[in-house]
Amino acid sequence: MKANKIITGLALVGAIAFTATGCAGGGGGAAGGGGDGVITVGFAQTGSESGWRSANTESMKEAFSEANGFNLIFNAADNKPEAQIAAVRSFINQGVDAIVLAPIVTDGWDDVLKEAKDANIPVILEDRTVSASEDLYASWIGLDFTKEGETAGTWVAENFGSTPTNMVVLEGTTGSSAATDRASGFDSAIEGTDIKVLDSQTGNFTRAEGKTVMEGFLQKYGSQINLLFAHNDDMGLGALEAIKAAGLTPGTDIKIVTIDAVKDGMTALSKGEFNYIVECNPLLGEKTAEVVKKVVAGESVDKSYIVEDQAFDQEQAKKVLDSRPY
Ligand code: GZL
């Protein structure tokens with residue numbers, strides 16, 4: 001989606017700049033939600049697969065509080081797409097005023113989103129995106145994953161691209177827009193460099209799977225590996241354990257680049273175990289709640305609000321670590 005203006009909004013912690021695009025009609029829902037003005041929202045979260053997800057859930061629960069005029073029905077789908085679709089269908093059957101969805105994967109949403117539309121229940125996406133038609137959701141609040149991948153790839157190309165460098169990749173959840181778009185952004189940035197991909201497998205955004213897959217890479221390629229690109233901090237942190245267990249020094253023997261910038265990742269970066277992190281801000285609750293209120297009230301909202309990200313090297317991480325909001 002092309003951005004057509006930048007909105008800078010002050011969030012509860014720090015300033016978060018938003019890029020807004022397009023203009024969508026209001027959700028056409030009952031003004032102000034239920035008769036008592038309380039807005040009942042069904043929130044279908046992916047699960048609790050990573051530190052990023054925990055911070056995102058906390059941000060959403062804080063924003064969709066009773067004090068803010070909401071009755072929140074929360075469901076975490078344990079990273080299972082079919083369970084998440086069932087959760088959305090359950091929200092429709094409960095007759096909620098609005099549904100917020102953080103879709104695990106991009107495809108497979110057309111039918112249940114059509115059911116929500118037919119039930120006149122607006123759906124607002126947060127975090128990842130879906131391939132379903134844009135008229136099946138009112139708005140999306142998220143991040144530019146392609147740009148995150150490009151930023152990581154550009155740093156790798158600038159620092160390692162001019163000498164033969166063997167890289168392994170820990171991919172995010174297969175079929176998720178975060179993994180797909182980060183990979184395409186990263187790959188475009190390293191095109192034409194001397195970076196060679198030895199292997200690339202999903203670690204499903206979790207520490208445990210990141211560790212297991214990295215153990216396999218080390219068994220297969222050993223000291224040939226010069227560089228690891230992990231689609232999120234948690235898989236990189238799992239890989240750290242495998243690298244240390246193999247008697248290698250992370251950040252030195254194997255350089256590590258990740259995406260998210262959660263506290264544990266920034267701690268590893270400040271200690272020299274990671275080399276570069278691109279931020280992916282999880283604090284989307286306040287903006288999402290603001291958009292839900294407008295949609296339920298029948299006001300027009302933009303089709304997308306994209307949070308601006310930043311990136312950190314080891315020196316920058318040392319400076320900001322103590323002030324990080326998540
Ligand atoms: C990104 C988000 C990804 C994070 C992971 O917005 O969807 O999912 O990068 C999380 O840590 O599991």
Side-chain angles (χ1 to χ4, degrees), residues 1 16 18-19 43-60 76-81 84 100-107 109 124-131 140-153 169-186 202-211 213 228-240 256-269 274 276-285 287-288 304-312 324 326:
M1 295 166 198
I16 298 183
F18 287 93
T19 303
F43 174 32
Q45 180 59 292
T46 61
S48 52
E49 73 278 2
S50 64
W52 190 97
R53 190 61 55 193
S54 304
N56 179 249
T57 293
E58 190 180 334
S59 169
M60 295 293 284
D78 194 24
N79 244 6
K80 297 185 175 73
Q84 196 174 38
V100 174
L101 169 64
I104 297 167
V105 293
T106 307
D107 298 335
W109 289 102
I124 292 87
L125 303 179
E126 71 103 12
D127 182 19
R128 301 174 192 171
T129 53
V130 298
S131 57
W140 165 65
I141 298 93
L143 306 111
D144 186 340
F145 301 133
T146 304
K147 189 175 175 188
E148 290 171 355
E150 281 166 0
T151 304
V169 181
L170 289 171
E171 302 167 8
T173 299
T174 304
S176 69
S177 57
T180 306
D181 295 349
R182 284 172 182 171
S184 64
F186 185 93
T202 184
N204 224 0
F205 283 132
T206 69
R207 286 195 195 199
E209 292 174 73
K211 180 181 178 185
V213 174
L228 164 65
F229 170 44
H231 285 185
N232 81 328
D233 291 356
D234 281 68
M235 293 189 292
L237 292 162
L240 275 190
I256 301 177
V257 176
T258 70
I259 298 176
D260 273 354
V262 294
K263 185 72 85 175
D264 289 349
M266 292 293 276
T267 301
L269 181 60
F274 282 178
Y276 192 68
I277 301 184
V278 177
E279 181 185 49
C280 175
N281 197 315
L283 306 183
L284 304 178
K287 191 62 183 181
T288 306
S304 79
Y305 298 87
I306 298 177
V307 177
E308 306 288 316
D309 287 320
Q310 47 185 326
F312 306 92
R324 293 287 293 163
Y326 56 86

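Only this structure's heavy atoms are used, side chains among them; waters, hydrogens and symmetry mates stay out. Numbering starts at 1 and runs along the sequence shown. One-based numbering, in listed order, for ligands and for the atoms of each.
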### Task
Could you tell me whether His231 and ligand 1 have an N or O pair separated by under 3.5 Å?
no
#### Entry: Interfacing atoms of ligand 1 (cut-off 4.0 Å, heavy-atom, Cys280)
1 (C), 6 (O)
### Message
Looking only at protein heavy atoms, which one is nearest to atom 3 (C) of ligand 1, and what is the separation?
### Response
Arg128 NH2, 3.7 Å
### Message
Among all the protein's non-hydrogen atoms, which is closest to atom 4 (C) of ligand 1, and how far away is it?
### Response
Asp260 OD1, 3.4 Å
### Message
Once you restrict to heavy atoms under 4.0 Å, what part of Asn56 touches ligand 1? Side chain, backbone, both or neither.
### Response
neither
### Task
Could you list the atoms of ligand 1 found under 4.0 angstrom from a heavy atom of Phe145?
1 (C), 6 (O)
#### Entry: Taking atom 6 (O) of ligand 1 as the reference point, the nearest protein heavy atom with its distance
Asp127 OD1, 2.4 Å
### Taking atom 10 (C) of ligand 1 as the reference point, the nearest protein heavy atom with its distance
Ser50 OG, 3.3 Å
### Query
For atom 12 (O) of ligand 1, what is the nearest protein heavy atom, given as residue, atom name and distance?
Glu49 OE2, 2.6 Å
### Task
Identify, by atom number and element, the atoms of ligand 1 in contact range of Leu143, meaning under 4.0 Å from any of its heavy atoms.
6 (O)
### Query
With backbone taken as N, CA, C and O and side chain as the heavy atoms from C-beta onward, which portion of Arg182 lies under 4.0 Å from ligand 1: side chain, backbone, both, or neither?
side chain
#### Entry: Sub-4.5 Å side-chain heavy-atom contact between Glu49 and Asn204
no
### Message
In the structure I gave you, are the side-chain heavy atoms of Thr173 and Asn79 within less than 4.5 Å of one another anywhere?
### Response
yes
#### Entry: Asp234 touching ligand 1 at heavy-atom level, < 4.0 angstrom
no
### Query
Does Ile259 come within less than 4.0 angstrom of ligand 1, counting non-hydrogen atoms of the residue?
no
### Query
Polar-atom distance check: Asn232 versus ligand 1, any N or O pair below 3.5 Å?
yes
#### Entry: Side-chain (Glu209) to main-chain (Met235) donor-acceptor, under 3.5 angstrom
no
### Task
Please name the residue in the list Leu170, Val169, Asp181 that meets the side chain to side chain contact (heavy atoms under 4.5 Å, CB included) test with His231.
Val169
### Task
Might you work through the side chain to side chain contact (heavy atoms under 4.5 Å, CB included) test for Asn232 and Trp52, ending with a clear yes or no?
CA-CA 9 Å; Asn232 81 328; Trp52 190 97; 5.8 Å; no
### Task
Would you check if there is a donor-acceptor pair between the side chains of Gln45 and Thr57 at a distance under 3.5 Å?
yes
### Task
Flag the pair Arg207 / Asp264 as yes when at least one side-chain heavy-atom distance between them is below 4.5 Å, and no otherwise.
yes
### Message
Any non-hydrogen side-chain atom of Asp127 less than 4.5 Å from a side-chain atom of Leu143?
### Response
yes
### Query
At what distance, to the nearest 0.5 angstrom, does CZ of Phe205 lie from CZ of Arg53?
8.0 Å
